[in-house]
**Q** 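I'd like to ask you about the structure that follows.
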Amino acid sequence: MKRRDLLKASVLAGTVALLPKVKAQGAFQNTPSLGRRYRNLIVFVYDGFSWEDYAIAQAYARRRLGRTLALERLLARYPSGLINTYSLTSYVTESSAAGNAFSCGVKTVNGGLAVHADGTLLKPFFAAAKEMGKAVGLVTTTTVTHATPASFVISNPDRNAEEKIAEQYLAFGAEVYLGGGDRFFSPEKRKDKKDMCAAFAQAGYGVVRTPEELSRTNATRLLGVFSDSHVPYEVDRRFRGIKVPSLKEMVQAALPRLASHRNGFVLQVEAGRIDHANHLNDPAATLWDTLAADEALELLTAFVDRNPDTLLLLVSDHATGVGALYGAGRSYLESSVGLDLLEGQKASFEHMLRLLGTNPDAGQVKEAYRSLKGVALEDAEAQIVVEAIAKKAFRPDGVRYGIQPSNTLSWAMVQRNPSKPDRPNIGWSSGQHTASPVVLALYGQGLRYLNLGLMDNTHVFRLMGEALGIRYRNPVMSEEEALEILKARPVGMRHPEDIWA
Ligand SMILES: [Zn+2]
């Protein structure tokens with residue numbers, strides 16, 4: 001290297017060293033505005049949804065279903081952009097911190113709902129909308145008391161305190177609560193034996209538990225809990241005949257009840273189990289929950305067309321997994337074959353594990369993969385699955401994966417021949433959330449921007465505020481303050497398996 005080049009290199013190195021350390025909170029802010037107000041607001045959260053999930057669903061819909069995604073049409077023609085997702089103290093967020101960023105407009109630590117690490121309460125956006133006279137609805141495929149919906153209406157330092165959150169919902173008094181989580185409402189399942197279903201009924205809610213009851217009820221206010229825990233995956237509802245309403249059917253029940261309200265409404269819809277499917281590294285469960293979300297999206301855009309005073313804001317809270325369709329074969333010509341093979345997958349790993357029980361043999365495992373995943377496992381692979389289920393010996397070793405059997409179930413059916421897929425060629429980086437920016441898109445009349453650019457997730461709060469003309473600020477906590485508090489008293493995240501959604 002010449003002396004001149006050396007000098008240049010050292011100057012450059014010096015420049016890098018002199019750059020200020022950019023903190024998460026102080027990051028570059030792009031704050032596009034809507035330019036108009038709306039009467040109604042629908043926030044559609046795709047939980048744990050990455051661009052890789054988008055790419056797979058888009059390709060599958062085109063190749064195997066002969067249609068384009070409603071989401072693809074929305075992204076092509078309406079304002080969209082990216083959001084950064086980091087929480088106050090981590091570049092990888094979880095759903096409550098992400099939900100708080102949307103709902104409260106400030107960064108928080110992972111684990112609490114509309115609350116700072118020191119216990120300072122934050123006002124969630126739907127609480128402000130309710131004060132303004134808006135009807136409120138929450139519709140989700142997770143337990144209805146789960147982090148993403150809950151962070152929009154109540155404060156609680158522990159996102160896992162779902163029995164308590166059920167009581168907070170009653171006090172809050174939204175018009176519609178639809179999702180899973182009967183065990184947080186039914187007296188025989190709650191630890192304290194309180195009958196929250198009776199309490200809701202007494203407060204004037206129609207309480208429903210089946211798709212038939214949902215379609216039959218005339219109640220104007222609704223509590224629907226359609227499963228003990230989360231609503232089963234779409235792939236199981238569709239192909240295994242499990243009797244729960246689809247996300248679209250729940251949205252269909254919610255909309256007229258909210259739209260009849262004289263002051264307008266706010267509704268959060270959550271496709272909450274895209275995240276869970278990604279945690280499990282289950283490509284078919286991820287795909288079908290994404291496609292089910294798309295059917296609900298189709299219905300919502302049609303509602304907006306008929307009710308132009310409504311803004312639809314679609315957003316993912318973070319990526320999870322991430323399961324990516326990777327290139328295969330010479331010139332990647334075989335890539336799509338692996339995608340087509342998803343057609344043979346007719347159940348989730350969750351369903352498969354239930355069928356296999358706690359102590360299956362290799363023959364039962366091979367039969368389950370053949371009939372439910374369209375994959376012919378080899379004996380050695382089946383044995384790996386047996387040991388994952390019976391002995392919790394997870395593969396591959398290492399913190400990126402080994403938190404639950406499903407990750408091993410997915411790993412057991414990975415591609416053996418990289419140039420000729422005989423199994424879906426979808427590779428996973430982990431069974432956890434990841435840090436990548438995710439989608440934000442808007443649908444409504446009179447929107448100015450086509451490219452919203454890269455935003456912070458807290459900007460969702462400002463966009464919602466502008467849409468409804470609601471202005472307030474929640475207190476901000478610094479990263480340093482939060483780290484001090486966390487050092488003294490760890491909050492939330494009791495176990496890696498709690499890091500859901
Ligand atoms: Zn999430």
Side-chain angles (χ1 to χ4, degrees), residues 43-54 82-104 107-114 124-125 138-153 156 158-160 162 165 179-181 229-231 233-234 247 268-282 285-286 289-290 292-293 296 313-323 403-404 428-441 456-458 460-461 492-501:
V43 182
F44 194 169
V45 181
Y46 277 45
D47 203 307
F49 180 69
S50 74
W51 287 108
E52 303 296 349
D53 298 332
Y54 172 75
L82 295 169
I83 56 163
N84 278 321
T85 65
Y86 43 77
S87 72
L88 180 54
T89 47
S90 168
Y91 265 92
V92 180
T93 189
E94 49 71 73
S95 291
S96 59
N100 294 342
F102 296 161
S103 166
C104 305
K107 299 280 189 184
T108 59
V109 301
N110 291 342
L113 303 167
F125 188 77
L138 298 177
V139 175
T140 180
T141 49
T142 63
T143 56
V144 72
T145 43
H146 212 236
T148 305
S151 67
F152 270 61
V153 295
N156 195 307
D158 181 5
R159 59 172 282 184
N160 296 307
E162 292 187 65
I165 292 166
S229 179
H230 304 302
V231 179
Y233 289 111
E234 174 69 10
L247 183 58
Q268 190 208 84
V269 179
E270 187 199 20
R273 303 209 73 200
I274 297 171
D275 173 70
H276 295 181
N278 274 319
H279 274 290
L280 305 185
N281 300 159
D282 191 335
T286 306
D289 264 51
T290 303
L313 187 156
L314 183 149
V315 69
S316 168
D317 58 346
H318 53 80
T320 306
V322 171
I403 61 167
Q404 53 194 326
W428 299 89
S429 66
S430 80
Q432 306 287 10
H433 296 184
T434 71
S436 63
V438 290
V439 64
L440 183 148
D456 190 71
N457 58 359
T458 52
V460 168
F461 174 78
M493 295 237 179
R494 296 176 297 201
H495 187 272
E497 283 175 80
D498 289 336
I499 308 169
W500 280 129

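Ligands are counted one by one from 1 in listed order, and the atoms in each one are counted from 1 as well.
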**Q** Any N/O/S atom, backbone or side chain, of Glu94 lying under 2.8 Å from the Zn ion (ligand 1)?
**A**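 No N, O or S atom of Glu94 is closer than 2.8 Å to the Zn ion (ligand 1), so no.
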**Q** Regarding Asn110 and Ser87, is there a side-chain donor-to-acceptor distance under 3.5 Å anywhere?
**A**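 Distance-only check passes for Asn110 and Ser87.
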**Q** Checking one value in my table: which N/O/S atom of Asp317 lies closest to the Zn ion (ligand 1)?
**A**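 That would be atom OD2.
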**Q** Would you say His318 reaches the Zn ion (ligand 1) with an N/O/S atom under 2.8 Å?
**A**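 Coordinating: yes.
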**Q** State which residue, out of Gln268, Arg273, Glu270, fulfils the side-chain hydrogen bond (donor to acceptor under 3.5 Å, both in side chains) condition with Thr140.
**A**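 Single pass found, and it is Glu270.
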**Q** What is the ring orientation for Tyr54 with Trp51, classed by angle as parallel under 30°, tilted 30 to 60°, or perpendicular over 60°?
**A**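 Geometry flag for Trp51 against Tyr54: perpendicular rings.
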**Q** Can you tell me which N/O/S atom of Asp47 has the shortest distance to the Zn ion (ligand 1)?
**A**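 The Asp47 atom nearest to the Zn ion (ligand 1), restricting to N, O or S, is OD1.
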**Q** Using 2.8 Å as the threshold, say whether any N, O or S atom from Asp275 sits that close to the Zn ion (ligand 1).
**A**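 Within the cut-off used here (under 2.8 Å), Asp275 places no N, O or S atom near the Zn ion (ligand 1).
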**Q** Among Thr458, Asn457, Thr89, which residue meets the side-chain hydrogen bond (donor to acceptor under 3.5 Å, both in side chains) test with Lys107?
**A**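 Option passing the side-chain hydrogen bond (donor to acceptor under 3.5 Å, both in side chains) with Lys107: Asn457.
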**Q** Look at the rings of His433 and His318 and say which category their plane angle falls in: under 30° parallel, 30 to 60° tilted, over 60° perpendicular.
**A**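 Plane angle under 30°, so parallel.
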